[in-house]
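Report on the following structure.
So that the names make sense, note that chain A is the first sequence line, chain B the second, and so on, each numbered from 1.
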Amino acid sequence: MTNSYPADARLRVFASASSWIEGAAVRQLEQTLQRRGVLAVAAMPDLHPGHKGPVGCAVLTDGVVHPDIVGTDIGCGMTLWRLGGLLRRLKVDKAVRALERLGDRGGLDPAEAVAAGVAADVAARHAAALGTVGGGNHFVELQAVDRIIDAAACADAGVEPGALLLLVHSGSRALGPEVLARHPHVHGEGLPLEEGGAAYLADHDAAVRFARLNRAVLAERAAELLGLDGAPWLDVPHNHVTVEDGRALHRKGAAQADLGLVPVPGSRGALTYLVRPDPDAPGALRSIAHGAGRKRDRASLHGKRDGGERPNPVGNRVICADARLAREEAPEAYKDIGQVIADLDAHGLARPVAALRPLVTFKTGRA
DNA sequence: ATGTTC
């Protein structure tokens with residue numbers, strides 16, 4: 001059973017027949033193609049329905065900027081840090097107790113945020129959010145290199161089995177929604193660069209930098225709590241818009257593919273894959289999948305019919321004091337990351353380099 | 001996604 005995708009030469013779908021994509025997401029793709037100025041759309045194997053359009057796609061326009069494609073979480077993405085530690089020396093219980101404290105401290109002071117490059121007015125309103133995970137699918141996760149898949153690429157990158165890593169998924173917190181609200185636009189019409197698009201981009205770019213800084217503060221704090229040396233390695237946004245040669249490239253839940261290696265996480269009970277994208281893959285708009293993608297909407301995961309808690313498929317410890325969030329983010333809410341990676345590989349978008357195993361996941365310490 | 005959210 002396969003979906004029938006819109007017959008439109010501008011659309012490329014990088015998913016195999018065995019990757020289930022909801023009909024609602026396909027209908028949203030049709031609407032995306034009707035937005036003003038759309039030249040090309042690349043849909044990834046983790047495509048799923050979103051608020052104002054599908055999550056898991058890249059959209060190139062002739063210069064019209066569509067803020068509601070990027071949505072509220074401007075700059076959201078993944079940061080991967082190397083940790084100076086080895087799996088065989090790790091005490092998992094101790095790591096759990098350490099990461100439980102990630103929610104204890106507040107964010108930065110405005111002065112610290114300004115020193116880190118945040119504009120004074122933004123710092124005044126949002127510094128306290130720097131170093132906070134947020135909700136939804138965001139997390140901080142201690143991982144270990146589980147399996148080398150591409151030995152040469154791993155040797156190049158210094159990736160060795162049993163090495164500890166820190167993966168952070170977060171965004172611009174309340175700054176993103178503020179920026180979106182500050183630039184009103186008609187759905188589907190968007191903002192031409194000279195008619196509000198450039199002004200949106202300036203605020204948007206600040207939110208992208210803010211989100212990256214937030215991930216760095218989170219990683220630094222997590223490494224400190226774990227008592228391990230931490231070194232920044234990769235930072236890859238998957239929710240943003242870039243303008244080049246007068247064209248606007250939007251990514252909505254699609255990872256940037258021209259920054260080197262990319263961590264592609266599964267659910268919070270699955271492996272993460274480190275992949276090497278081909279930034280020139282035809283039709284992919286310099287993008288790849290950003291994760292497993294939701295299989296079930298949040299609402300359907302509540303209620304008695306769901307059958308309650310299941311064991312974590314890969315045995316990582318998940319710190320999440322919010323039971324409702326834990327249900328919405330349960331592993332069974334997500335697609336199979338192995339299939340997503342297989343689809344990326346089969347379509348020439350990315351090659352797997354290593355599999356990373358989650359050990360301890362921090363979602364939220366707040367009850 | 002959201003100093004969210006009935």
Side-chain angles (χ1 to χ4, degrees), chain A residues 24-25 28 46-57 66-79 102-110 113 118 121-140 168-185 187 200 203-204 206-215 217-218 236-241 250-255 265 267-268 290-294 296-303 320-329 333-334 362-367:
Chain A
Q28 287 187 332
D46 57 338
L47 193 83
H48 62 91
H51 186 51
K52 295 268 177 101
V55 179
C57 64
H66 292 278
D68 55 351
I69 291 180
V70 177
T72 53
D73 199 5
I74 300 167
C76 188
M78 299 285 170
T79 283
L102 201 48
D104 292 356
R105 283 165 69 184
L108 299 188
D109 294 327
V118 177
D121 61 321
V122 173
R125 292 192 301 279
H126 298 286
L130 286 165
T132 61
V133 177
N137 54 2
H138 291 171
F139 61 84
V140 173
V168 177
H169 177 203
S170 190
S172 52
R173 310 289 281 104
L175 175 58
E178 179 188 287
V179 169
L180 183 63
R182 201 186 296 145
H183 296 274
H185 53 279
H187 174 77
Y200 164 77
D203 283 348
H204 159 284
V208 169
R209 293 191 295 272
F210 185 93
R212 183 178 295 122
L213 174 61
N214 183 34
R215 291 188 290 273
V217 174
L218 281 164
V236 186
H238 55 228
N239 238 24
H240 66 159
V241 54
H250 309 69
R251 292 186 179 88
K252 177 62 172 178
S267 69
R268 290 319 91 222
H290 79 315
R294 286 199 83 84
R296 297 178 57 185
D297 66 275
R298 294 175 185 281
S300 78
L301 290 148
H302 299 295
C320 184
D322 181 340
R324 186 177 178 82
L325 178 63
R327 276 199 297 277
E328 293 178 350
E329 291 295 318
Y334 285 85
F362 178 86
K363 293 284 296 175
T364 178
R366 170 175 50 85

Let me know the distance between [atom1] of [X] and [atom2] of [N], rounded to the nearest Å.
X: Asn214(A); N: dG3(B); atom1: CG; atom2: P; value: 11 Å
X: Arg298(A); N: dT2(B); atom1: CZ; atom2: C1'; value: 12 Å
X: Met78(A); N: dA1(B); atom1: CE; atom2: C1'; value: 13 Å
X: His290(A); N: dA1(B); atom1: NE2; atom2: P; value: 7 Å
X: Arg251(A); N: dA1(B); atom1: CZ; atom2: C1'; value: 19 Å
X: His240(A); N: dA1(B); atom1: NE2; atom2: P; value: 16 Å
X: Glu178(A); N: dT4(B); atom1: CD; atom2: P; value: 14 Å
X: Ile69(A); N: dA1(B); atom1: CD1; atom2: P; value: 18 Å

Practice item. Please report the C-alpha distance between Ser170(A) and Asn214(A) in whole Å, then the side-chain angles of each, then the deciding distance to 0.1 Å, and finally whether the side chain to side chain donor-acceptor pair (under 3.5 Å) criterion is met. Key: CA-CA 7 Å; Ser170(A) 190; Asn214(A) 183 34; 3.2 Å; yes
Review point. Is the phosphate of dA1(B), meaning OP1 or OP2, less than 4.0 Å from a side-chain N or O of Arg173(A)?
Key: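 For dA1(B), neither OP1 nor OP2 has a side-chain N or O of Arg173(A) closer than 4.0 Å.
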Practice item. Ignoring backbone atoms, test whether Asn239(A) places a side-chain nitrogen or oxygen under 4.0 Å from the OP1 or OP2 oxygen of dA1(B). Key: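 So the side-chain polar atoms of Asn239(A) never come under 4.0 Å of the phosphate oxygens OP1 or OP2 of dA1(B).
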Practice item. Verify, without hydrogens or angle tests, whether His302(A) (side chain) and Arg327(A) (backbone) share a donor-acceptor contact under 3.5 angstrom. Key: no
Review point. If you measure only the distance, is there a donor-acceptor pair under 3.5 Å linking the side chains of Arg251(A) and His240(A)?
Key: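 A donor-acceptor contact under 3.5 Å links the two side chains.
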Base, sugar-phosphate, or nothing: which does [X] touch, judged by heavy atoms less than 4.0 Å apart?
X: Gly176(A); answer: nothing
X: Arg125(A); answer: nothing
X: His51(A); answer: nothing

Review point. Are the charged groups of Arg296(A) and Glu328(A) less than 4.0 angstrom apart, N to O?
Key: no
Check your understanding: When you match His138(A) and Arg324(A) each to their closest nucleotide on DNA chain B, which lands nearer the 5' end?
Key ->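 Result of the comparison: His138(A).
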Point to revise | Considering all heavy atoms, the nearest Cys57(A)-Ala254(A) contact | key: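 Cys57(A) and Ala254(A) have their closest heavy atoms at O-CB, 3.5 Å.
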